[in-house]
Asks: 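Supplied in structure tokens, the structure appears directly below.
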Amino acid sequence: MKKILNSPDSYVDEMLDGLCAAHPEFYAQPEPRVIVRAGGKTPGKVGIVTGGGSGHLPVFTGYVGKGLLDGCAIGNVFASPSAEQMAATMRHADAGAGVLRLYGNYGGDVMNFDMAGEMVEMEDDIASTTVLLADDVASAGPEEAAKRRGVAGMVYAFKIAGAKAEHMASLDEVTAVAQKAADACRSIGMALSPCTVPQAGKPTFEIGETEMEMGMGIHGEPGIWRDELKPADEIVDEMMERLLADMPLGQGDRCSILVNSLGATPPEELYIIYRHAKAVLDGKGVEIVMPLVGRYATSMEMAGATITLCKLDDELEALLKAPCDCAFWRV
Amino acid sequence: MKKILNSPDSYVDEMLDGLCAAHPEFYAQPEPRVIVRAGGKTPGKVGIVTGGGSGHLPVFTGYVGKGLLDGCAIGNVFASPSAEQMAATMRHADAGAGVLRLYGNYGGDVMNFDMAGEMVEMEDDIASTTVLLADDVASAGPEEAAKRRGVAGMVYAFKIAGAKAEHMASLDEVTAVAQKAADACRSIGMALSPCTVPQAGKPTFEIGETEMEMGMGIHGEPGIWRDELKPADEIVDEMMERLLADMPLGQGDRCSILVNSLGATPPEELYIIYRHAKAVLDGKGVEIVMPLVGRYATSMEMAGATITLCKLDDELEALLKAPCDCAFWRV
Amino acid sequence: MAEFTTASLRAAAARIADHAEGVAAKLNEADGRLGDGDLGITVSKGWREIADNAEGLPDDLGKAFMECAKCFQRASSSSYGTLVATGFMSAAKACKGREAVPFSEVSGLLAGACEAMMARGKGNLGDKCVLDSMDAMARATAGLDEPAALQAAAEAAAAETVEAFKPQQNKLGRARMFGEKSAGIADPGQIAALEMVHALA
Amino acid sequence: MAEFTTASLRAAAARIADHAEGVAAKLNEADGRLGDGDLGITVSKGWREIADNAEGLPDDLGKAFMECAKCFQRASSSSYGTLVATGFMSAAKACKGREAVPFSEVSGLLAGACEAMMARGKGNLGDKCVLDSMDAMARATAGLDEPAALQAAAEAAAAETVEAFKPQQNKLGRARMFGEKSAGIADPGQIAALEMVHALA
Ligand SMILES: Nc1ncnc2c1ncn2[C@@H]1O[C@H](COP(=O)(O)OP(=O)(O)O)[C@@H](O)[C@H]1O
Ligand SMILES: Nc1ncnc2c1ncn2[C@@H]1O[C@H](COP(=O)(O)OP(=O)(O)O)[C@@H](O)[C@H]1O
Ligand SMILES: [Mg+2]
Ligand SMILES: [Mg+2]
Ligand SMILES: [Mg+2]
Ligand SMILES: [Mg+2]
């Protein structure tokens, strides 16, 4: 296993220690596997919490910060945190105005977060709502869109809901705009090489020396097809085609686009991808607003990339452009 | 070759097109392979230029921006730009107060930049100076320190010199503080896996499935030893020992530390490294100022990490903390 | 009329925990074929946590089941862990305040757990998952009130469920992503259910 | 007294460009052993660029050499490319304003180029690099003024240099990093120098 670590069992806890030690101005860990904003809470502000497996930095933990999230429950690499940890996160994030649970649509996470919601409602009288990200168009057809996995689109939902909450909107309002952002996102990924989950010690999948998989998930979930690696522009054409088939955009539409590395793929190659993705959108007369290119939602050292489109209206655009601040993203 | 690209020959130019298209507020490309600040120049400000091979984003090009660099000449992956391109960059960066050439100590780059300096002095009457980064302690002993390679330490030099120039200091002053920053930096790297230069099409070096190389350079230059991969804390102990042997730090000293990924190594593992590096410095009573953890100077998809220490006095600390803004770093 | 108590629960937990450790590798492998390969760890860790805390289980069966739920969930938060915990919680509600429960209620407890697990995981019968095992066991044990007969009926039903669903496609959880490829592969959660009742033989 | 002109330069460039293409793979390989494996590309691309622009070279040898420098540097900015360009620039200065230069000056031109390349690359004689070849050729050709004799003396000197330095360690450029491992491996830049004179045989 080619990873820099001390022991698979301490990977996540040492990572969180290091994160808080490096950025004490952003992150605090009031109890194990729970990260909240270092500055404490703003009374009356809706709390936004997320949670999920480790191994996706900056997702999920990294996006705790001003104009973004209030708390995050952290599981082992690619594994759900427990309902108890999620409940604890919600208790820390609640500032009297209720809590939005905003996270990716994965079976284990959903069951645990639902259970956590019931726990804090019963025991702590905390009102809470759920918005699930289900943006990966490769993971289910449009007729089963609710079964889709949540991937990089959650970055937009964090940003937009976070900005709304910062404006002291109510839980219903924050929930509504988070849902609107989630509904406006479509993502698709492609992978070139796997990553290694420390506790498993071996690669998440196997793939030939010159193969790529289109539509693969961020934990190595199977995609749509596997074939010889194609030229960048052809890959982008297919990705954009599948995104736009699911959410048509044309003259007069506005969107943001996130070209995201799964980890190993360098920014050089993301810019090659962006160059052509922009050409595709330009060709359709779609206006690009605040494009994002970088490592926003990763799978440790996996090679590959995802493209997310987030269709914007005036409200979403204003919230996307509102200030935010964490160790990984500042607007 | 597992890379997302259209053709090895277009890799760099398409990357630069995408970079400028994604961040038109930061970067402009007035002629091929020359990147300058989008906003134009500030009359009377010293220009700071750098240059070197592609494949190290954010180094070099990414650090063109306010409070940082004014221009960058870009070569093919891991290859020097030509003297002519460097001269062109200097002409674009000159705003009447002269130009500092600030870059890494690599034979080809030095010869070309020297030649470029002579060209613009003769033809354009531009006064210019040179400061070389030679921070890699693994690349030569202290008695031959001037022969050392420049690696991630250049991030500190860019930041500090850039802040000084923004204060409208003279060429001599900017040069002096850049040299002071360069002298205050020590770096060391370790690599787990190679990367692939598009035009070569094969990995830069070979290394066993469970091996690491201590002291390896960012183009795969040989290091100090190669052995079985060790636990993170042991790796950090050895790296810190070698850095501190070259530049002792103790009670009352202040430094910044950069824990940098060479590309594939994920932030999770950088935080595991940071956690222990901080413990080492804490143990010596050294105060850490503005630690940096992330991908600041990379080798595309190489796996591995570097640690840089930058010893600070009041002047360097103030300049390090001064505002800066580019697509990859905002302070 | 035979009844079960917290003592019965303690004995069962010890037997299942031991058996689960023996079949953990096999369950991991089964889960690896249709998912992330952690099911053996989930089941063995969950039951070990209950067995380790068995001495302290209160006599009130409601509280004892609730404690089991917490143990299981704490030990593993993968889907199966949460579902098992949900089943325990449903039993906790049904047995609240009682120190002995007639074995004739087991069928109803299984049906109640199945329903709670459907609500928690938003799954349906026929999706090829542990719910189908729970439902089959609940139906097979209806009207029985003798431990050995209950176990035999439940095990037979669990075994039939694995075989009956094997040719079908998984419609739930990670395995759903495998689509057609999942046909012909036994559902790991159903195998785990079978192993758990088998441990009580 | 034989003299050389821009026409001689054109003829030489064509011969070296052709030969360099043939040995490019071999030079890449030699450079791969002590560096980044691009020397064959550098040398062949550089000379091809000169040969392609040979027709347009001016009769003023100073300007012609300057044009050669620009061609070489444009085609490749790896160390060797910049060093060769530097050598051409030094020749350009020495020949400025002349349309014919006696072959007896070749030795001096080589020495001058060597000096300029030392200044540019901050290398020293004995560092095991192309400078040693230049110096040896300059010394071996001293006093000669006939093309064939010049070529023969230069080639012999270049060949001896490769062999003489092979057992030593490289003290310059990328190869320096290989330390002791570089002893026993011929310096690629010295091999390239030999191939260039050999092309004129
Ligand atoms: N939503 C669900 N409802 C009911 N059963 C489920 C559900 N999701 C998964 N399962 C069952 O759990 C088994 C997998 O459990 P586990 O390995 O813990 O899942 P994961 O590791 O994917 O979280 C499946 O074989 C299936 O029987
Ligand atoms: N500073 C220098 N001074 C003189 N010769 C040098 C210098 N650096 C390299 N060389 C010569 O150039 C050769 C390598 O050239 P090249 O492959 O172009 O270098 P690189 O690819 O490392 O830039 C070496 O074998 C050596 O003979
Ligand atoms: Mg599983
Ligand atoms: Mg799991
Ligand atoms: Mg070379
Ligand atoms: Mg080179």
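Numbers restart at 1 for each chain; the letters A, B, ... are given by sequence-line order, proteins then strands.
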Asks: Check whether any side-chain heavy atom of K122(C) sits under 4.5 Å from a side-chain heavy atom of V110(A), and report yes or no.
Replies: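 Of all side-chain heavy-atom pairs linking V110(A) with K122(C), at least one is under 4.5 Å.
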Asks: Shortest non-hydrogen contact from M115(A) to R120(C)?
Replies: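 Closest approach of M115(A) to R120(C), heavy atoms only: N-NH1, 3.6 Å.
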Asks: Can you tell me which portion of E118(A) sits under 4.5 Å from chain C's heavy atoms? Options are side chain, backbone, both or neither.
Replies: side chain
Asks: If you round to the nearest 0.5 Å, how far is CD1 of I41(C) from CD of Q199(A)?
Replies: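 Interatomic distance, Q199(A) CD to I41(C) CD1, rounded to 0.5 Å: 7.5 Å.
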Asks: Using only non-hydrogen atoms and a strict under-4.5 angstrom cutoff, which residues of residues 181-201 of chain C touch chain A?
Replies: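 Result: none.
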Asks: Can D36(C) and H219(A) be said to form a side-chain contact (heavy atoms from CB on, under 4.5 Å), step by step?
Replies: CA-CA 9 Å; D36(C) 58 357; H219(A) 309 99; over 6 Å; no
Asks: Quick check: closest heavy atoms across P222(A) and M177(C), and the distance to 0.1 Å?
Replies: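 Residues P222(A) and M177(C), closest heavy atoms: O-CE, 4.0 Å.
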Asks: Using non-hydrogen atoms only, which part of F78(A) is less than 4.5 Å away from chain C: side chain, backbone, both, or neither?
Replies: backbone
Asks: Might you confirm whether atom NZ of K3(A) has over 12 heavy atoms from other residues, nucleotides or ligands at distances under 6.0 Å?
Replies: yes
Asks: Can you tell me if K26(C) has over 12 outside heavy atoms packed within less than 6.0 Å of its NZ?
Replies: no
Asks: Would you check if the side chain of S77(C) reaches a backbone N or O of S80(A) as a donor-acceptor pair within less than 3.5 Å?
Replies: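 Pair found, side chain donor or acceptor close to backbone of S80(A).
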Asks: Are any non-hydrogen side-chain atoms of E84(A) and R74(C) less than 4.5 angstrom apart?
Replies: no
Asks: Is chain A contacted by the side chain of R176(C), its backbone, both, or neither, given a heavy-atom distance below 4.5 Å?
Replies: side chain
